[in-house]
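Atoms within each ligand, like the ligands themselves, are counted from 1 in listed order. The first residue in the sequence is number 1, and the count goes up from there.
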Amino acid sequence: MTANKNKWSRRRFLKASGTAGLGALMAPVNRLAAAAETPTRVPTRPFGKTGVDVSILSLGGMFNIASNQVMMKKALDWGVTYWDTADCYQRGSEKGIGKYFKKYPQDRRKVFLVSKSDARDPDGMTDLLDRSLKRMNTDHVDLYFVHAVYGIDELDDSTRAWAAKAKAAGKIRFFGFSTHSNMEKCLLEGAKLGWIDGIMMTYNFRLMHTVGMKRAVDACVKAGIGLTAMKTQGGGPVRTDTDAEFEMAGRFLEKGFTDAQAKLMAVWQNPDIASICSQMPNMTILMANVAAALNRTDLSARDTDLLQRYARETHSDYCAGCTGICESAVGKGVPIGDVMRYLMYCRDYGDRDYAVAQFNTIPENIRRRMAGLDYSPAEKRCPRKMAIGRLMREAVEDFS
Ligand code: SF4
């Protein structure tokens, strides 16, 4: 399908969605697309060597799906056919998907369904997978991830054997892992394994241009691994008063899209990324992201430069997930990278409840001593010179 066939006029999109009042939030789906007569859907891309094409926008399932069933219906209508969840997502994410498939069983075959396991041992993974299948009213998931790996040594021969067995049993079609820590290393080493079908990793306008990340993505592409980007907004405890950000917001709005949409478009400009998994907890965000996916006007060189300038100005506010560096400097089991992510959920996503719930999964004895630790060795090593001590103390204060 050509890009033009995928484009859908903004007017038509708004009319079909019945929400013309949201026009101000939407990308003008390309001034080129005068009036495609037939509404088209979010485009697809091949997912590695799986032979499956997935929608370039994936519905992140970390919201109250049970109470937002209309989101699922509309997502499918607009071609967002890649749905992502995990056994540990709260607010009944998997159960909400199960509720949907119970009502619309015919839609199961339209969806590329992904779930994830917090367990690492084969028995634990089997239990969690079986529970996920039951909750979601389905007999298989299309892709199953080991969730949030910090290093590739969390996968071994027993993982490989488990994946082969689960595939043979028809419970999963493809297998891989997700990571928001030490991503470059995880990708490079994952590419060497030879039995990984897909990886979901933190990847955004801040990280995608580094030599290390480019090399890691190339290795995965050569290995035929499908890649899904997440955390594409590049947020966190990032200050919001930089000159570049003001300039960026003005310029992008004049061109007809928001900076949030521009950050998605920046990632889609890399054809090696099959899909972006985005948390879309309400219709406004879903529509804005769908509009950005339908738009696909390439960012100009000046737009990209502006994003890069903004990234440089906020370099020391963004945690890049290289937890192997700071956590080993502090020790004591403090999950610095995780806490940075919880700050992002709270400050960037505005989801304080989820941030607090995640923070409370840290063992109590670690939480208790976190505020009083000396983080200066970690701050010295941090390539972004983040104010780790201050941020850890703010997290303890905000979330305790
Ligand atoms: S705090 Fe610094 S060293 Fe630690 S993960 Fe974040 S960017 Fe890397």
Side-chain angles (χ1 to χ4, degrees), residues 147-154 177-190 199-217 229-240 242 245 263 267 307-349 354-355 358-359 361-363 366-367 369-399:
H147 191 190
V149 308
Y150 293 79
I152 212 70
D153 56 354
E154 292 174 45
F177 63 86
S178 67
T179 176
H180 19 58
S181 304
N182 312 308
M183 291 81 69
E184 294 172 9
K185 198 159 186 267
C186 287
L187 263 64
L188 275 174
E189 293 178 0
I199 299 174
M200 178 160 90
M201 73 289 178
T202 302
Y203 183 91
N204 54 49
F205 67 97
R206 297 177 184 280
L207 306 173
M208 61 190 284
H209 301 295
T210 66
V211 174
M213 185 58 92
K214 283 183 182 169
R215 194 181 303 136
V217 166
M230 64 170 159
K231 313 284 186 282
T232 47
Q233 293 299 309
V238 178
R239 67 201 169 99
T240 56
T242 74
E245 188 173 19
K263 289 169 188 171
V267 170
L307 270 173
Q308 287 307 292
R309 208 176 98 207
Y310 167 65
R312 282 195 299 278
E313 284 179 6
T314 52
H315 185 261
S316 308
D317 299 328
Y318 176 74
C319 175
C322 37
T323 57
I325 297 175
C326 56
E327 292 178 4
S328 59
V330 174
K332 319 257 194 269
V334 181
I336 295 173
D338 289 347
V339 176
M340 295 288 186
R341 210 168 59 255
Y342 306 154
L343 284 168
M344 178 185 70
Y345 294 143
C346 182
R347 298 180 185 182
D348 207 39
Y349 295 11
Y354 186 71
Q358 290 299 298
F359 184 77
T361 63
I362 300 171
I366 296 175
R367 270 183 283 143
R369 64 172 181 248
M370 265 176 61
L373 291 175
D374 174 15
Y375 291 94
S376 56
E379 289 175 349
K380 275 193 198 116
R381 283 201 211 168
C382 172
R384 293 185 167 247
K385 300 293 168 229
M386 294 197 70
I388 299 173
R390 173 175 62 78
L391 290 164
M392 292 299 109
R393 282 187 284 280
E394 285 176 8
V396 171
E397 201 173 302
D398 284 4
F399 301 153

K.L.:
List every atom of ligand 1 that sits less than 4.0 Å from any heavy atom of Gly321, numbering the atoms from 1 in the order shown and giving each element.
P.N.:
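Those qualifying, in numeric order: 5 (S).
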K.L.:
Can you check side chain to side chain donor-acceptor pair (under 3.5 Å) on Arg309 and Thr242, steps first, answer last?
P.N.:
CA-CA 10 Å; Arg309 208 176 98 207; Thr242 74; over 6 Å; no
K.L.:
Students often mix this up, so state it plainly: with edges at 30° and 60°, are the rings of Phe205 and Tyr310 parallel, tilted or perpendicular?
P.N.:
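Phe205 and Tyr310: parallel rings.
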K.L.:
Can you figure out which of Ile388, Val339, Leu391 has its heavy atom closest to atom 1 (S) of ligand 1?
P.N.:
Ile388
K.L.:
Show me which atoms of ligand 1 lie under 4.0 Å from any heavy atom of Pro383.
P.N.:
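Close to Pro383: 3 (S).
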K.L.:
What's the spacing between Cys319 SG and Met344 CE if we round to 0.5 Å?
P.N.:
9.5 Å
K.L.:
Can an N, O or S atom be found in Cys322 less than 2.8 Å away from atom 4 (Fe) of ligand 1?
P.N.:
no
K.L.:
Would Thr210 and Glu184 count as a side chain to side chain donor-acceptor pair (under 3.5 Å) here? Give the steps.
P.N.:
CA-CA 10 Å; Thr210 66; Glu184 294 172 9; 3.3 Å; yes
K.L.:
Tell me, with the steps shown, if Asp398 and Tyr342 meet side chain to side chain donor-acceptor pair (under 3.5 Å).
P.N.:
CA-CA 11 Å; Asp398 284 4; Tyr342 306 154; over 6 Å; no
K.L.:
May I ask whether Ala320 places a heavy atom under 4.0 Å from ligand 1?
P.N.:
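Per 4.0 Å heavy-atom rule, Ala320 contacts ligand 1.
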K.L.:
I'd like to know if atom 8 (Fe) of ligand 1 has an N/O/S atom from Cys319 within less than 2.8 Å of it, counting both backbone and side-chain atoms.
P.N.:
no
K.L.:
How far is atom 2 (Fe) of ligand 1 from its nearest protein heavy atom, and which residue and atom is that?
P.N.:
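Nearest protein contact, heavy atoms only, for atom 2 (Fe) of ligand 1 is Cys382 SG, 2.4 Å.
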K.L.:
For atom 4 (Fe) of ligand 1, what is the closest protein heavy atom, and at what distance to 0.1 Å?
P.N.:
Cys326 SG, 2.3 Å
K.L.:
Crowded around Lys385 NZ? As in, over 12 foreign heavy atoms under 6.0 Å?
P.N.:
yes
K.L.:
Measure the CE-SG distance between Met386 and Cys326 for me, rounded to the nearest 0.5 Å.
P.N.:
9.5 Å
K.L.:
In ligand 1, which numbered atoms sit nearer than 4.0 Å to a non-hydrogen atom of Thr323?
P.N.:
5 (S)
